There are 2 protein chains.
Amino acid sequence: MFPLPETDTALIPQDLQDRVSFRIRQLQILAYKRFEKVITDFGSAPRYYGMLKIIAANPGIAQIRLAEAIFLDRSSLVPIIETLTHEGWLVRKPAAEDRRVRRVYLTDEGLRRLSLLEVEVNRHEARMTKGLSPQSMATLREGLEQMAVNLTEQDQTTKD
Amino acid sequence: MFPLPETDTALIPQDLQDRVSFRIRQLQILAYKRFEKVITDFGSAPRYYGMLKIIAANPGIAQIRLAEAIFLDRSSLVPIIETLTHEGWLVRKPAAEDRRVRRVYLTDEGLRRLSLLEVEVNRHEARMTKGLSPQSMATLREGLEQMAVNLTEQDQTTKD
DNA sequence: TATTGTTATACTCTATAACTATA
DNA sequence: TATAGTTATAGAGTATAACAATA
């Protein structure tokens with residue numbers, strides 16, 4: 001009997017390891033667990049980092065546009081916006097020209113905290129991509145982007 | 001006013017698009033939605049394709065090893081195994097040498113159906129990676145693997 | 001009539017804690 | 001005492017359907 005614990009990868013057959021879809025899923029699980037463990041003191045914001053960045057880049061975005069951008073139903077976004085508003089990250093203001101719309105903005109405090117959070121996200125990203133050459137990173141980014149395009153294009157043509 | 005709808009990507013700032021962690025998350029969401037829409041008639045198996053492949057490669061694996069391999073708590077695995085057993089994919093047999101353990105196997109029917117499911121997974125993967133050169137694919141796979149290694153290694157050293 | 005945001009509701013997925021049976 | 005599997009339970013996260021306000 002060997003004292004070495006069997007590694008997880010030993011159980012994963014090669015053809016599964018070669019599947020990009022499997023790797024993506026596995027990475028998302030791992031990265032998310034790690035991210036949540038490492039980043040604290042930012043309330044519930046870390047998991048919505050991407051969304052906060054989109055709001056920062058599109059101040060006053062309507063909730064429905066925001067929901068579409070992150071592939072969520074507009075109703076699913078409501079409690080998220082509410083929580084982040086209570087935590088001081090966001091404010092909603094009714095749109096003057098269309099009073100159905102509520103525009104979403106980062107607060108000054110939210111902007112300030114987002115820049116601090118960004119430092120942590122950078123660290124996380126650096127740890128995750130350690131050992132990858134700039135060239136590999138570039139190819140990786142292109143590949144990930146191409147796949148996202150492929151998947152969204154197919155969604156449009158499918159047109160349920 | 002232009003008739004063209006604003007694309008999602010127009011809302012995503014470049015620095016966010018360049019984040020591998022953001023892309024991974026986005027891709028996982030898109031790929032999963034697409035996968036579930038396209039693949040039907042396989043019961044609840046498609047979402048557990050990876051797990052079924054691991055069982056196929058490790059016949060008689062103990063539930064706890066399987067849970068570790070897919071980063072789930074052993075208790076979370078129980079209802080999954082149960083469902084797939086009821087659907088005829090799996091059987092559990094008590095281990096002779098350690099009666100606490102229940103060994104998990106694919107049924108003959110499960111093996112047969114898994115090979116059919118695999119055809120669909122291949123199609124999904126091909127659509128997703130369309131336009132990527134063999135070289136890009138190779139670099140992509142290496143990058144994804146390296147990141148998985150980075151994340152699991154860091155988990156071990158953190159050692160909470 | 002259609003759209004935006006909201007609410008009520010239900011479903012899925014997951015972890016934690018406690019239990020059981022074995023070791 | 002520790003481990004494998006199970007159960008009960010609770011907490012996220014999500015979508016669907018229906019509603020109010022507005023266009």
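Keep in mind that this is a model prediction, so the values were computed, not measured.
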*Do A/R103 and A/E97 sit within salt-bridge range, that is, some charged N less than 4.0 Å from a carboxylate O?*
yes
_For C/dA15 and B/S76 - does any side-chain N or O of the residue sit under 4.0 Å from the phosphate oxygens OP1/OP2?_
yes
*Shortest non-hydrogen separation from B/I12 to B/F22 and the atoms involved*: CG2-CE2, 3.8 Å
*Atom CG of A/L72 to atom C1' of C/dT6: distance rounded to whole Å?*
15 Å
_Between A/K33 and C/dA15, is there a contact of a side-chain N or O with OP1 or OP2 at under 4.0 Å?_
yes
*Interatomic distance where CD1 belongs to A/I70 and C1' belongs to D/dT14 [whole Å]*: 12 Å
_Between B/I39 and B/Y49, is there a side-chain heavy-atom distance shorter than 4.5 Å?_
no
_Flag, side chain of B/S136 to backbone of B/L132, donor-acceptor distance under 3.5 Å_ = no
*Pick base, sugar-phosphate or nothing for A/L77, based on heavy-atom distances below 4.0 Å to the nucleic acid.*
nothing
*Give A/R47 one of three labels, base, sugar-phosphate or nothing, depending on what nucleic acid heavy atoms sit under 4.0 Å from its own.*
sugar-phosphate
*If you pin A/P79 and A/A95 to their nearest nucleotides in DNA chain D, which one's is more 5'?*
A/P79
*Starting from C1' on D/dG13, measure out to CZ on A/F71 and report it in whole angstrom.*
17 Å
*Is a side-chain N or O of A/R92 found less than 3.5 angstrom from the main chain of A/V104, in a donor-acceptor match?*
no
*Starting at atom CG of A/L66, determine the distance to atom C1' of C/dG5, rounded to an integer number of angstrom.*
13 Å
*Have a look at A/D98 and say if it touches a base, only the backbone sugar-phosphate, or nothing, with a 4.0 Å heavy-atom cut-off.*
sugar-phosphate
*Take atom CD of B/E82 and atom C1' of D/dA8, then tell me their distance rounded to the nearest Å.*
14 Å
*Looking at C/dT14, does its base get a donor-acceptor pair with the side chain of B/S75 below 3.5 Å?*
no
_Contact nearer the 5' end of DNA chain D, comparing A/D73 with B/A62_ = B/A62
*asked:* Does C/dT4 have OP1 or OP2 under 4.0 Å away from a side-chain N or O of A/R65?
replied: yes
*May I have the distance from B/Y32 (atom OH) to D/dT14 (atom P), rounded to whole angstrom?*
13 Å
*Quick one: does B/Q146's side chain have a donor or acceptor within less than 3.5 Å of a partner on A/T129's backbone?*
no
*Output yes when at least one side-chain N/O atom of B/R100 is less than 4.0 Å from OP1 or OP2 of D/dA2, else no.*
no
*asked:* It should be established whether B/R102 places a side-chain nitrogen or oxygen under 4.0 Å from OP1 or OP2 of nucleotide D/dG5.
replied: no
*Would you classify B/V78 as touching base, sugar-phosphate or nothing, given that sugar-phosphate means primed atoms plus P, OP1 and OP2, and contacts are heavy atoms under 4.0 Å?*
base
_Nearest-angstrom distance from the residue atom CZ of B/R99 to C1' of D/dG5_ = 14 Å
*Across the strands shown, which category fits B/R74 at heavy-atom distances under 4.0 angstrom: base, sugar-phosphate, nothing?*
base
*Calculate the interatomic distance between A/E68 atom CD and C/dG5 atom C1'; express it in whole Å.*
13 Å
*Look at A/Y48 and D/dA12 and indicate whether a side-chain polar atom (N or O) is within less than 4.0 Å of OP1 or OP2.*
no
*Given DNA chain C, 5'-ward residue of the pair B/E97 and A/R92, judged by closest heavy atom*: A/R92
